Enquirer: 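If you scroll down you'll find the structure; I have some questions about it.
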Amino acid sequence: MIQLEQISKSFGKQEVLQSIDLQVKKGEVVVILGPSGSGKTTLLRCINYLEKPDAGQITIGDLKVDTKHPTKKEIHALRQQTAMVFQQYNLFKHKTALENVMEGLTIVRKMPKDKARTISIQVLEKVGLGNKLDHYPVQLSGGQQQRVGIARALALNPEVILFDEPTSALDPELVGEVLSVIRKIAKEGITMIVVTHEMDFARDVANHVVFMDGGLVVEEGTPEEIFQRPKEERTRQFLSRITPQATYSI
Amino acid sequence: MSRRFDMTYVFDFIPKLLAYLNITLLIVGSSILLGLIIGMLVALPRLYNVPVLKRVSQVYISFFRGTPILIQLFLIYYGLPTILQWINIDISRVAVLYFVILAYALNSGAFVSEMIRASVSAVDRGQIEAAQSIGMSGYQTFTRIILPQALAISIPLFGNLVIGNLKDTSLAFTLGVMEMTGRSQTLGTATQHFVETYIALSLIYFVISMILEQGFLWLERRLHRHEAGAKQTSAVIRRKWLTRPVSALSKGGRSG
Amino acid sequence: MTLDPSFMWTAFLSLFKALPTTLMITFVSVICGLFIGTVVALCRIYRIPGLSQLSTAYVTFIRGTPMLMHLLIIYFGLPILIDSLAAKWEWSFTSASIPLIGFVFIAFSITAGAYMSEVVRAGIVAVDRGQIEAAHSIGMTTPQALRRIVLPQALAVSLPNLSNSVIGMLHGSTLAYTISVVEINAQALVVAANNWKYFEAYIAAAVLFWGLTLLIERGSGWLEKRLNAYHRGGVM
């Protein structure tokens, strides 16, 4: 189980996160929605301490971290328990697809090379890239790169995978392949926290939806509750602006 | 001065000058090697943001980049014995060659340190975040992700630096070191065919520069082989470097 | 040997006598170099047959050889060339009428030209191709587009490189002492030799050059901020 308690964060004078609480059960897929600038990406990045929260507590399994004064060890442990899929993929540019996936296993988990290789190939096959093992990132399309990014996270078998707008940098025709991979692994019961703008996907995949605005959790609930019967005015406004899908009409 | 230009002298002089190539290369090689060590030491306080040392590094870099190499040569040649005498070390018998190497090493050190800083900070921030996100420690992130990428980025800069250093060594003769340029002076005086000497010498410098340039280009392509169409990429990166402020450390016209 | 701070000040003041020569060499070579560099860069960008290859050879050769060689070859070679031509065509003009500093101007302009051409080329290439197309689309000719659209943008982009080259030429001007032109370095040598105080004289020279360099860097930084105003966006 993952628990965030009273996570706060400011950039200068601007309060990006105002005492956020969030609970994610094991195997649950939580989707965080909200307009840009709502703090959803910052919240995600606080979980693996890529962003330093000003205050609050993060619990992942047995690990409890007071984010105000974490030790180096605790930060490292947080990152060992989590994995992230980035908006810009952030594949290691100087390593092949296979090497990208193996890197965390061999270097961080100290797994023997041949075992790491076997696992990595399995995971890459799962995301449909068994034939691209020796390709460098520049030789792959955006969708393929992002699938390697997902494989890199998946191979580590973390407590939770954090998805930071995994499809927003992709060309529209490449979004589908990435979403279907995420859907597939979601069904396998892997705990995920997803920040996204893809509403259909959110409705389809999420067990739990969180709507954020202005650094606050405005409303949360099941997809039905949020999409069919939103209680808050702000949620309604946001959904009405987004839902009439213009994405594919071009 | 009124002697006619005679091309045969040029060919005649080339082997005579090449006999002193080893001294030139000795100066270049050892000063670059020393410069790399100095440069790394100087870069560290800035990379790790160490309060007072950072300031010292900045002044060091600013001074050696802000003054002509010729002045630095004289300064070290005349100044170092004085300074060391204060602490009772007598180096008046040390050969000029070592002063020259030290001067070029100190000069290269400043440029190397800038090169390191620029290359490290040119590595995409996302690469570091990705490394952290899979649980790498700071040391692992540096050695496995930042260093290999920074190395590839730094190659064209380092190439410029070495070639600049080679050209700068032509000034060692001002302190009486008998390397290629020093030899050309004596040849010119003896035969009174100065133009031919300097043309011969220029050709030698030119060929070595070209060899170095091609070598570094090859190295760069190898290190960038993970980026499709290395040739094209390399051109793009070069162009990028030229237009970025950091290319302030490509030695540019500064080479003597 | 001890350090004599008061002499350092004396030396510093006497170096100022040579400052105009140093600045003159830098200024002339930079201006002529910019002119040569622009012509050469345009020849290469527009691939003018013959001239383009010639330009490439010039830039490659100059950049591959020490600046000292350029000076010495011009200093010793130009008189031979001029005097043989003068004898042939019976000119009244001979190399003897060229002042020493003239050789420095010529040689360093040739040096600067090659480096400047790279600066100019990088600047022009950095300007988005769409900018020229847009200029053409509203009916501008290519020279108009270059002057009114590309050049101002290229200048802003290449300012750091430009200031770098200016500093390079400033530092390079010290080489002029090898053909007995009295610029700062030569003056330092004179002051030092007269008093047998080399260290002090060279500290003074170093400080003077350091100051000049910082001045150029600051100036270009300030100018860059102003020229790049359009990058900042928003209403000014």
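Predicted, not measured: the structure shown is a model, and the values here were computed from it. Chain identifiers are assigned alphabetically (A, B, ...) following the order of the sequence lines, protein sequences preceding nucleic acid strands; residue numbering begins at 1 within each chain.
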Enquirer: Taking the six-membered ring for Trp, are B:Tyr78 and C:Phe199 closer than 6.0 Å centroid to centroid?
Expert: no

Enquirer: Going through the checks in order, is the side chain to side chain contact (heavy atoms under 4.5 Å, CB included) test met by C:Leu175 and B:Leu171?
Expert: CA-CA 9 Å; C:Leu175 301 181; B:Leu171 298 177; 3.2 Å; yes

Enquirer: Considering only heavy atoms, which portion of C:Ser173 lies under 4.5 Å from any heavy atom of chain B: side chain, backbone, both, or neither?
Expert: neither

Enquirer: Do you know which two heavy atoms are closest between C:Leu214 and B:Ser62, and how far apart they sit?
Expert: CD2-OG, 3.8 Å

Enquirer: Taking CE in C:Met8 as the centre, count heavy atoms belonging to other residues, nucleotides or ligands within less than 6.0 Å. Is the count above 12?
Expert: yes

Enquirer: Under a 3.5 Å distance rule, please check whether B:Lys167 uses its side chain to pair with a backbone N or O of C:Arg63 as donor and acceptor.
Expert: yes

Enquirer: Quick one: of B:Ile76, B:Thr174, B:Leu212, who has the most non-hydrogen atom pairs under 4.5 Å with chain C?
Expert: B:Thr174

Enquirer: Using 0.5 Å steps for rounding, measure from the CG atom of B:Leu70 to the CG atom of C:Leu189.
Expert: 9.0 Å

Enquirer: Taking all atoms of both residues into account, what is the closest heavy-atom pair of C:Ile203 and B:Leu75, and its distance?
Expert: N-CD1, 3.4 Å

Enquirer: Step through the shown structure and confirm whether more than 12 heavy atoms of other residues, nucleotides or ligands are within 6.0 Å of OH on B:Tyr98.
Expert: no

Enquirer: Which salt bridge (Lys or Arg N to Asp or Glu O under 4.0 Å) pairs, counting each pair once, include a residue from residues 192-202 of chain C, with sequence neighbours left out?
Expert: C:Asp4-C:Lys197

Enquirer: Around C:Phe12, counting heavy atoms of other residues, nucleotides and ligands shown, do more than 12 lie under 6.0 Å from its CZ?
Expert: yes

Enquirer: At what distance, to the nearest 0.5 angstrom, does CD of B:Gln192 lie from CZ of C:Phe76?
Expert: 8.5 Å

Enquirer: Return the CZ to CG distance between B:Arg65 and C:Asn164, rounded to the nearest 0.5 Å.
Expert: 7.0 Å

Enquirer: Would you please test C:Thr178 and B:Phe173 for side chain to side chain contact (heavy atoms under 4.5 Å, CB included) and show each step?
Expert: CA-CA 11 Å; C:Thr178 55; B:Phe173 86 93; 4.1 Å; yes

Enquirer: Do you know the tightest heavy-atom contact between B:Gly66 and C:His171?
Expert: O-NE2, 3.2 Å

Enquirer: Measuring from C:Leu72:CG to B:Ile199:CD1, what's the distance to the nearest 0.5 Å?
Expert: 11.5 Å

Enquirer: Quick one: CD1 on B:Ile71 to CD1 on C:Ile184, what's the gap to the nearest 0.5 Å?
Expert: 7.5 Å

Enquirer: Run the side-chain donor-acceptor check on residues 201-209 of chain B: report pairs under 3.5 Å with partners two or more places apart or on a different chain.
Expert:
unit_1   : atom_1 : unit_2   : atom_2 : d
B:Ser202 : OG     : B:Tyr198 : O      : 2.8
B:Tyr205 : OH     : B:Thr181 : OG1    : 2.8
B:Ser209 : OG     : B:Tyr205 : O      : 2.9
B:Ser209 : OG     : C:Gly64  : O      : 2.8

Enquirer: Answer yes or no: is there a side-chain heavy-atom contact under 4.5 Å between B:Phe63 and C:Trp210?
Expert: yes

Enquirer: How many angstroms lie between OH in B:Tyr77 and OH in C:Tyr202, if you round to the nearest 0.5 Å?
Expert: 12.0 Å

